[in-house]
Amino acid sequence: MNEFERACGFAPFAPDKAEKSAFLTSALRNLTAQHYQNCRAYRNMLDAGGINPEKINDYHDIPFLPVSLFKQMTLKSIPDNEVFKTMTSSGTSGQAVSKIYLDKNTAANQQKALVKIVSEFTGASRLPMLIIDSPSVVKDRAMFSARGAGILGFSIFGADRTYALDDNMQIDIPAVKAFLERHQGQKILLFGFTFMVWQHFYKELLKLDEKINLSNGVLIHGGGWKKLIFEAVSPAEFKRCLSDVCGLSDIHDYYGMVEQTGCIYMECPQGHLHASIFSDVIIRRPLDFSPAAIGEKGIIQVVSVLPESYPGHSLLTEDEGIILGEDDCPCGRKGKYFKILGRLKNAEIRGCSDTYAVKF
Amino acid sequence: MPLNFNDLQFVIGSADRAVAMSLLKPLPPFADEVIEFLNALSKELMKKSRGFSDVATFAFWCRKPALLQEKKSYDDLASRLGRGVIFHSTPSNVAVNFAFSFAAGLLAGNANIVRLPGKEFAQVDLICAVINELLQQDFQNLAPYICMVKYPPHKEISDAFSALCNGRVVWGGDETIARMRLSPLPPRAVEITFADRHSLQVINAEAYLQADNKERLAQDFYNDTYLSDQNACTSPRIIIWLGNKTETAREIFWQKLHLLLKDKYNLAPVQAVGKLSAFYKAAAEKPLRLCASPDNLIMRLELERLDEDLMDYKYNSGFFFEYQAENLAEILPLASVKCQTLTYFGLEKEQLAEFFKTVRPHGIDRAVPMGKSMDFTLVWDGYDLIRELSRKISIL
């Protein structure tokens, strides 16, 4: 039985700290040994750091690779002919993008983990699904962008999948109306990226004369708040505005990244992001990378039992966050719950080379 | 050529003054009025530099006795004159560099158009305010020789200044140089460019162990490295240890530095992550070993060998390669044309001279004692600024 199958033996949010910790330590140690064996670059990294994978007694002691490494180098633990697909992060043009190499097995496990986690929030049955994006995002299958991968990943929960935006990112009112008519009285699933939902859906709905009723919908959105910070939109305001304009009140943010697709962190009705049995979050102190206490701000490390084809089972993100608690969220889910504070601030590094030349 | 651009701002001087510069008579290098002017500038800045150690350093550098001392090291000044007009493009993220570049241009006998840093610095405002005062009072005779400007990196403006100069000095690294070179110079104009460079440090372990001022040495090393986030051209990226007892010396050296850093250096989270990433990237591709450290302030990677491409893996904010060498000649693979400064401790000047004579590297333009890497001198980066920015007249 591999690590993923062992994880599937648990309900995603049932194991408490002791049980989850024992499982993660054994599963992640095995993955560490596996990547050490199969990825030469990873082996060199651990050797240079004096880490022996056999001697890891706690998953907190497993080295964490900064996610930026996946932009700078090829990191995979499978031969080229087993690469089933390559996922890329959605960098803006000119920026380096992460490249994540998946074999069939890891790709399938990502999908299964996503189903297990999201079903806990939407129920097990497939719901009519309205995708708040344009169909063009998923057309180019050769290279999966994070947005495309997210949509395809979540599509498994949907029936009668309908895109709410056209290829020009304009809201497609007739399509949305027809969709709602077909599923009157039914619970429906809406999915989209936070910024797209706000910019191309909410703002357009606001302009409509007649109201659209989405009070029986559940919205899952992710992709971060970075762009919305410029518009000064808080999570609370985001929810209130959507509720005002279309009656949508069952809204869940999620946190996830292309480097660990599948094991996303869903927001519960308390507004807390939750780690499932497939993964965990450790907050690291910037000064020495020691684990921070509950309530203490630090750099987010994510671990996941899914990555078998690339050494991405323990990663240091570029995000800041806080663990709010463990095993005791009022929503009843076990495991850690946390919040994201945003990206690490860029430091103004000194030096002789012009880094601000373009600005003035 | 008219100089009316919307985005061009004259902090000192005016467009008319800049255009008229080519009609001015060049000065001899180290002209008395220039030395008096810089000395007056030094005095005023000494009074007003409180809180700005970089301004104080500049003020100290351009004292009259220091400049007269510099003058002594030139034996052919009588047959030299300034080239005419020098256009300086200074780095956007270092506050006081522009002042050194300007002073060198003036000392060499030239009129100067200085493009100031794009970033706002109180130090720049302070120095320019004092210069303006001096030019309006006791040094009106030098006013026609000085313009300080600010502008966004617009090619048309650089074109205009480049067209009217006899020499161009470009700081700010490879990208800035490439951009500036799109603006043509007159056929006779010279150019000095300060490209992206890296630097290294050599320490004799026994000499270090015998030194009784190890706290001072830690401070010196800090000034060479962390003071500029170890990201200046002059900042050592690798420490080469020579001699015996290197293990003991290294332990004490890094311990002393760490004590200092705990008080002085603020490591931002993004710098800590960057260093970790740089370590793994290097570790994936080079034989090396991470040295134990109590926290992220110092990251040290001990190398098995010195490769020519090592500096492709360099990083800043306290990220050091370390290597134990049998002799100085072993550093040759690192001494490429990209290598600027060798800072040293416990080595004799003769030993260094012997190295350059016998090993004959393409790079390393300066060898300076530990702690002095940032000290500006009129010979910088392999260029003698006085000689480069003046012309030599031969009468046969």
Side-chain angles (χ1 to χ4, degrees), chain A residues 39-51 63-75 96 283-290 292 297-301 311 314-321 341-360, chain B residues 7 89 91-94 97 117-120 150-153 171-176 179 194-197 227-235 266-290 292-297 301-302 316-317:
Chain A
C39 176
R40 188 197 169 104
Y42 186 72
R43 182 163 64 245
N44 290 346
M45 293 178 195
L46 266 55
D47 286 346
I51 303 286
F64 32 90
L65 307 191
V67 288
S68 64
L69 278 177
F70 291 86
K71 293 178 182 168
Q72 299 172 39
M73 54 197 301
T74 297
L75 287 168
I283 304 295
R284 296 281 172 184
R285 295 178 175 132
L287 182 64
D288 59 5
F289 291 144
S290 60
K297 184 172 97 168
I299 308 166
I300 298 174
Q301 177 198 350
S314 173
L315 300 174
L316 192 65
T317 71
E318 287 162 358
D319 296 323
E320 262 184 329
L341 300 170
R343 294 290 290 254
L344 296 178
K345 266 199 288 298
N346 251 329
E348 290 199 355
I349 308 281
R350 287 161 277 202
C352 325
S353 252
D354 284 340
T355 46
Y356 302 91
V358 194
K359 277 195 198 157
F360 192 85
Chain B
D7 294 323
S89 178
S92 60
N93 53 344
V94 188
N97 178 278
K119 217 176 150 211
E120 290 294 325
K150 278 192 177 191
Y151 65 89
W171 301 83
D174 294 0
E175 273 183 45
T176 307
R179 204 170 44 237
F194 296 102
D196 292 337
R197 311 287 300 269
L227 188 63
S228 56
D229 290 320
Q230 198 203 357
N231 201 34
C233 300
T234 54
S235 312
N266 179 32
L267 184 77
V270 72
Q271 290 169 290
V273 178
K275 282 158 72 168
L276 184 67
S277 192
F279 156 54
Y280 280 131
K281 173 115 201 301
E285 292 163 11
K286 294 279 166 200
L288 52 81
R289 185 182 68 84
L290 178 70
S293 189
D295 53 39
N296 296 331
L297 288 170
L301 309 180
E302 187 176 357
N316 51 59
S317 310

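The sequence lines fix the lettering, A, B, ..., with proteins before strands; numbering per chain opens at 1.
Contact tally against chain A (heavy-atom pairs below 4.5 Å) for Leu290(B), Asn316(B), Asp229(B), Asp196(B): the top residue is Asp229(B). In terms of non-hydrogen atom pairs under 4.5 Å with chain B, the most contact-rich of Leu344(A), Asn346(A), Leu287(A), Leu65(A) is Leu287(A). Comparing Ala195(B), Ala232(B), Ala292(B) by heavy-atom pairs within less than 4.5 Å of chain A, the highest count is held by Ala232(B).
Contact record, Ala283(B) with Met45(A): CB-CA, 3.9 Å, taken as the closest heavy-atom pair. Across Tyr280(B) and Pro63(A), no two heavy atoms sit closer than the pair OH-CB, 3.3 Å.
Neither the backbone nor the side chain of Leu301(B) has a heavy atom closer than 4.5 Å to any heavy atom of chain A. For Leu316(A), the part lying near chain B is the side chain, with the backbone staying farther off; criterion is any non-hydrogen pair under 4.5 Å. Looking at Phe64(A), the atoms closer than 4.5 Å to chain B (heavy atoms on both sides) sit in the backbone and in the side chain alike. Heavy atoms of Ile299(A) lying under 4.5 Å from chain B belong exclusively to its side chain. Within the 4.5 angstrom heavy-atom criterion, no atom of Pro287(B) approaches chain A. For Phe194(B), no part lies near chain A; criterion is any non-hydrogen pair under 4.5 Å. Neither the backbone nor the side chain of Asp47(A) has a heavy atom closer than 4.5 Å to any heavy atom of chain B.
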Ignoring hydrogens and angles, write down the donor-acceptor pairs under 3.5 Å from the side chains of residues 266-278 of chain B, residues two or more places apart or on other chains.
from	atom 1	to	atom 2	distance (Å)
Gln271(B)	OE1	Ala268(B)	N	2.7
Gln271(B)	NE2	Tyr265(B)	OH	3.2
Gln271(B)	NE2	Ser317(B)	OG	2.9
Lys275(B)	NZ	Asn296(B)	O	2.7
Lys275(B)	NZ	Leu297(B)	O	2.9
Lys275(B)	NZ	Ser317(B)	O	2.8
Lys275(B)	NZ	Gly318(B)	O	3.0
Ser277(B)	OG	Ser68(A)	OG	2.9

